[in-house]
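Report on the structure given below.
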Amino acid sequence: MSVLEIKNLHVNVETDQGTREILRGVDLVINEGEIHAIMGPNGSGKSTLAYTIAGHPKYNVVEGEILLDGENVLEMSVDERARVGLFLAMQYPVEIPGVTVTNFLRTAKTAIDGEAPSVRTWVKDVRESMKNLKMDSAFAERNVNEGFSGGEKKRNEILQLELLKPKFAVLDETDSGLDVDALKIVSEGVNRAKANTGLGVLLITHYTRILRYIKPDFVHVFVAGRIAEQGGPELADRLEEEGYDRYQVAESAAE
């Protein structure tokens with residue numbers, strides 16, 4: 001069984017005002033097939049955690065470890081992390097002019113698997129996934145995310161997730177900017193990927209509405225760069241009612 005372990009993770013970034021510590025000792029274990037939701041106020045470090053796992057060069061790990069099945073992820077390049085089974089669905093997916101969705105997906109799949117997929121099987125899989133995500137087949141020949149709406153970009157992220165079949169997916173506010181219909185479609189795609197492959201999910205969100213469709217096994221409250229509390233799905237319901245004020249007051253008092 002695959003496992004993603006984050007141990008005592010401390011992360012800094014360089015700003016105009018100097019070095020700023022964002023993550024201040026994060027510990028988290030995600031097993032294959034588990035869904036972990038991370039919730040917290042703006043600026044608490046949730047997206048920093050996501051991009052640190054993915055290998056964004058802006059974020060400097062000064063202490064701690066990230067291990068995937070015992071292998072040190074922090075020693076891997078971004079593409080090596082993808083090949084061993086890590087996936088990041090971005091909050092703001094970027095446009096890639098001149099690269100069609102079809103070419104992008106096939107190139108990525110070939111890089112991850114080490115060999116090109118069978119054309120006949122691949123075309124069938126792409127069509128089926130696009131149909132499930134209610135994406136017009138014409139999108140396959142469009143440039144990646146170019147001229148896509150916010151909802152179309154998010155569906156394209158989940159299309160990649162379904163086809164590339166990672167071990168663990170980090171979803172960075174995938175629900176932001178989605179209407180109810182798009183949210184349900186995207187959530188169904190994540191649930192399908194989990195059911196088909198045993199995917200482990202780290203779901204970062206501000207709101208509980210996506211958790212109605214993607215049911216978390218664990219909920220973690222992120223405040224000031226660390227996990228302030230963790231529990232089951234009931235914790236998300238409490239956050240919906242009470243907000244984060246009591247955690248932020250406690251954090252301020254501790255400092």
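Quick note: residue numbers are just sequence positions, from 1.
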Using 0.5 Å steps for rounding, measure from the [atom1] atom of [X] to the [atom2] atom of [Y].
| X | Y | atom1 | atom2 | answer |
| --- | --- | --- | --- | --- |
| Ser2 | Leu68 | OG | CG | 6.0 Å |
| Lys184 | Asp179 | NZ | CG | 11.0 Å |
| Asn156 | Arg142 | CG | CZ | 10.0 Å |
| Leu211 | Leu203 | CG | CG | 6.0 Å |
| Arg106 | Thr100 | CZ | OG1 | 11.5 Å |
| Met135 | Leu159 | CE | CG | 5.0 Å |

Do any N or O atoms from the side chain of [X] and from the backbone of [Y] form a donor-acceptor pair under 3.5 angstrom?
| X | Y | value |
| --- | --- | --- |
| Asp113 | Glu115 | no |
| Asn31 | Val3 | no |
| Tyr244 | Gly40 | yes |
| Arg24 | Gly225 | no |
| Thr107 | Phe104 | no |
| Lys165 | Thr197 | no |
| Asn103 | Val99 | no |
| Glu128 | Val126 | no |
| Lys154 | Ser176 | yes |

Give the table of side-chain donor-acceptor pairs shorter than 3.5 Å for residues 56-65, with sequence neighbours excluded, one pair per line with atom names and distance.
residue: His56; atom: ND1; partner: Lys58; partner atom: N; Å: 3.0
residue: Glu63; atom: OE2; partner: Asn8; partner atom: ND2; Å: 2.9

Do you see a donor-acceptor pair shorter than 3.5 Å between the side chains of [X] and [Y]?
| X | Y | answer |
| --- | --- | --- |
| Tyr247 | Glu229 | yes |
| Lys131 | Ser137 | no |
| His206 | Asp175 | no |
| Asn191 | Glu188 | no |
| Asn132 | Ser129 | no |

Query raised in the report: For Met39 and Thr205, what are the C-alpha separation, side-chain angles and deciding distance, and is it a side-chain contact (heavy atoms from CB on, under 4.5 Å)?
Result: CA-CA 5 Å; Met39 304 182 70; Thr205 184; 4.0 Å; yes
Requested in this report: Tell me, please, whether Tyr207 has Arg209 positioned over its six-membered ring: NZ or CZ under 6.0 Å from the ring centre and within 45 degrees of its axis?
Outcome: no
According to a hydrophobic-cluster definition based on side-chain heavy atoms being under 4.5 Å apart (Ile, Leu, Val, Met, Phe, Trp, Tyr only), do [X] and [Y] belong together?
| X | Y | result |
| --- | --- | --- |
| Val78 | Val11 | no |
| Ile227 | Ile22 | yes |
| Ile214 | Phe218 | no |
| Val180 | Leu183 | yes |
| Leu74 | Ile53 | yes |

**Report entry** Criterion side chain to side chain donor-acceptor pair (under 3.5 Å) against His220, the qualifying member of Gln230, Arg226, Lys46
**Finding:** Gln230
**Report entry** Nonpolar side-chain network containing Leu67, other nodes, edges under 4.5 Å
**Finding:** none
Residue pair [X] / [Y], side-chain heavy-atom distance below 4.5 Å:
| X | Y | value |
| --- | --- | --- |
| Ile66 | Glu5 | no |
| Phe222 | Val26 | yes |
| Glu34 | His36 | yes |
| Ile185 | Tyr213 | no |
| Leu23 | His10 | no |

Query raised in the report: side chain to side chain donor-acceptor pair (under 3.5 Å) between Thr19 and Asn12: does it pass, once the steps are laid out?
Result: CA-CA 7 Å; Thr19 301; Asn12 290 346; 5.6 Å; no
**Report entry** Salt bridge Lys167-Glu32, side-chain N to carboxylate O under 4.0 Å
**Finding:** no
**Report entry** Note: Lys134-Asp181 ion pair, threshold 4.0 Å (strictly below)
**Finding:** no
Query raised in the report: Can Glu240 and Thr208 be said to form a side chain to side chain donor-acceptor pair (under 3.5 Å), step by step?
Result: CA-CA 7 Å; Glu240 180 85 349; Thr208 58; 2.9 Å; yes
Query raised in the report: Which of these, Leu49, Thr48, Leu28, sits in a side chain to side chain contact (heavy atoms under 4.5 Å, CB included) with Leu9?
Result: Leu49
Query raised in the report: Does the side-chain contact (heavy atoms from CB on, under 4.5 Å) test come out yes or no for Leu171 and Leu202, once each step is laid out?
Result: CA-CA 6 Å; Leu171 310 181; Leu202 181 61; over 6 Å; no
Query raised in the report: Does the pair Asp27 and Ile6 meet the rule for a side-chain contact (heavy atoms from CB on, under 4.5 Å), with working shown?
Result: CA-CA 5 Å; Asp27 292 287; Ile6 300 168; over 6 Å; no
Review item, side-chain donor-acceptor pairs of residues 83-98, under 3.5 Å, at least two apart:
residue: Arg83; atom: NH1; partner: Asp79; partner atom: OD2; Å: 3.1
residue: Arg83; atom: NH2; partner: Asp79; partner atom: OD2; Å: 3.1
residue: Gln91; atom: NE2; partner: Glu173; partner atom: OE1; Å: 3.3

